[in-house]
2 protein chains.
Amino acid sequence: MKLSTKGRYAVTAMMDLAIHDREGPVTLADISHCQGISLSYLEQLFAKLRRAKLVEGVRGPGGGYRLGKPSHQISVADIIIAVDETIDNTKCQGLKDCNGGNKCLTHKLWADLSDRLFEFLDGITLSEFISRPEIKTISRRQDTTASRIANMFPPNAIAS
Amino acid sequence: MKLSTKGRYAVTAMMDLAIHDREGPVTLADISHCQGISLSYLEQLFAKLRRAKLVEGVRGPGGGYRLGKPSHQISVADIIIAVDETIDNTKCQGLKDCNGGNKCLTHKLWADLSDRLFEFLDGITLSEFISRPEIKTISRRQDTTASRIANMFPPNAIAS
DNA sequence: TCAAATCCCGACTAATTTGCTGGGTATTAT
DNA sequence: ATAATACCCAGCAAATTAGTCGGGATTTGA
């Protein structure tokens with residue numbers, strides 16, 4: 001379980017998708033512009049999110065990305081693990097007998113802590129964020145080509 | 001709030017200190033040997049922990065590090081923040097008006113999530129780990145010079 | 001059909017972080 | 001005095017992070 005700016009980028013981008021999910025796909029250009037992340041870097045992150053089935057891409061004009069599952073099935077832990085590709089580094093680095101025959105105790109304690117953290121983050125889903133009252137008032141973007149196109153084609157025009 | 005191997009090293013090292021607190025100072029050489037971290041890297045981490053008053057150093061032979069406060073006053077969040085020097089990167093990177101005059105919403109949502117995570121980790125203190133039943137059986141080290149010296153000089157011989 | 005919008009992909013570069021090496025100095029128990 | 005230890009620091013190498021570049025491939029509107 002790792003938590004870096006990379007994970008933060010992914011989580012905030014996914015929040016963006018969840019908030020605007022009803023309006024059809026969100027373009028990476030929008031997210032790039034909004035959150036100040038480079039487009040290609042976002043593409044790399046979304047490639048991982050796509051492989052983890054957390055998002056799905058829609059090609060062509062008016063396309064973009066949308067959530068790959070209902071928002072209540074996507075947890076913060078899911079997102080972070082998808083982009084961070086956590087290798088298992090909780091095992092004792094070749095030093096198992098450092099306490100007189102017992103396995104390294106602190107590693108076990110850390111593993112326990114790490115598990116608790118994972119459970120905590122796994123219990124928080126994207127649906128929590130879109131259910132807030134302050135979301136609805138600003139759920140429609142302005143000043144971007146994508147939103148203009150989206151306005152021409154309301155959500156129900158795009159098959160799910 | 002960042003969570004990397006650096007933070008993990010610091011937390012496990014602090015667990016080590018907490019577990020062996022009754023036996024006098026723990027040397028960095030011990031931790032280095034036990035957890036497979038280089039001595040100098042540990043020195044860097046402990047310099048930060050010391051500045052944050054989480055540990056205090058005892059110089060000279062038989063010295064080492066001990067906790068700077070009672071274990072129930074040291075949270076996991078304290079340790080991670082001490083070594084990671086979290087700069088405030090939650091603010092909108094120069095792009096405040098990305099939602100039609102409103103502040104960037106996802107940044108607020110992330111800040112909320114980050115706060116919850118902090119509270120979670122701040123609620124876990126080192127005292128939780130030393131109160132476990134499996135600790136007492138292995139609370140005394142073997143095979144190290146430091147422990148032999150420590151045995152010669154029981155804890156009460158070292159003024160706090 | 002054609003061009004635009006967009007996802008997709010791989011390689012490259014720059015910045016930052018991580019972790020280590022190796023040299024010191026200060027303090028203190030013996 | 002000597003050895004053990006904390007403490008300090010400059011620099012270096014590897015890994016990771018972040019971003020760039022240049023090209024596709026696919027879908028859609030005109």
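Chain A is the first sequence line, chain B the second, and so forth, proteins listed ahead of strands; every chain is numbered from 1.
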Of the listed nucleotides D:dT16, C:dT17, D:dT20, the one nearest the side chain of A:Lys2:
D:dT16
Rounded to whole Å, how long is the line connecting atom CG of B:Asp30 with atom P of D:dA6?
9 Å
Separation of atom OH in B:Tyr41 from atom C1' in D:dA15, rounded to whole Å:
12 Å
If you check every side-chain atom of A:Ile37, which of C:dT18, D:dG11, D:dG19 has the closest atom?
D:dG19
Looking at residues 46-54 of chain B, who's got a heavy atom less than 4.0 Å off DNA chain D?
B:Arg50
State which residues pass ring pair (Phe, Tyr, Trp, His ring centres under 6.0 Å) with B:Phe120; sequence neighbours excluded, sorted by chain then number.
A:Phe120
Give one of base, sugar-phosphate or nothing for B:Leu28, where a contact means two heavy atoms less than 4.0 Å apart.
sugar-phosphate
Hey, could you give me each pair passing side-chain hydrogen bond (donor to acceptor under 3.5 Å, both in side chains) that has a residue in residues 38-48 of chain B? Not counting sequence neighbours.
none
Once you round it to whole Å, what is the distance between C1' of C:dT21 and CG of B:Leu39?
11 Å
Per-nucleotide protein contact along nucleotides 22-27 of chain D, 5' to 3', at a 4.0 Å heavy-atom cut-off (B base, S sugar-phosphate only, - neither), is ---BSB
Applying side chain to side chain contact (heavy atoms under 4.5 Å, CB included), can you list everything that pairs with A:Arg59, at least two apart in sequence or on another chain?
none
So the salt bridge (Lys or Arg N to Asp or Glu O under 4.0 Å) pairs with at least one residue in residues 119-130 of chain B (sequence neighbours excluded) are A:Arg116-B:Glu128
Which of B:Ile19, B:Val55, B:Leu45 passes side-chain contact (heavy atoms from CB on, under 4.5 Å) with B:Met14? It is B:Val55
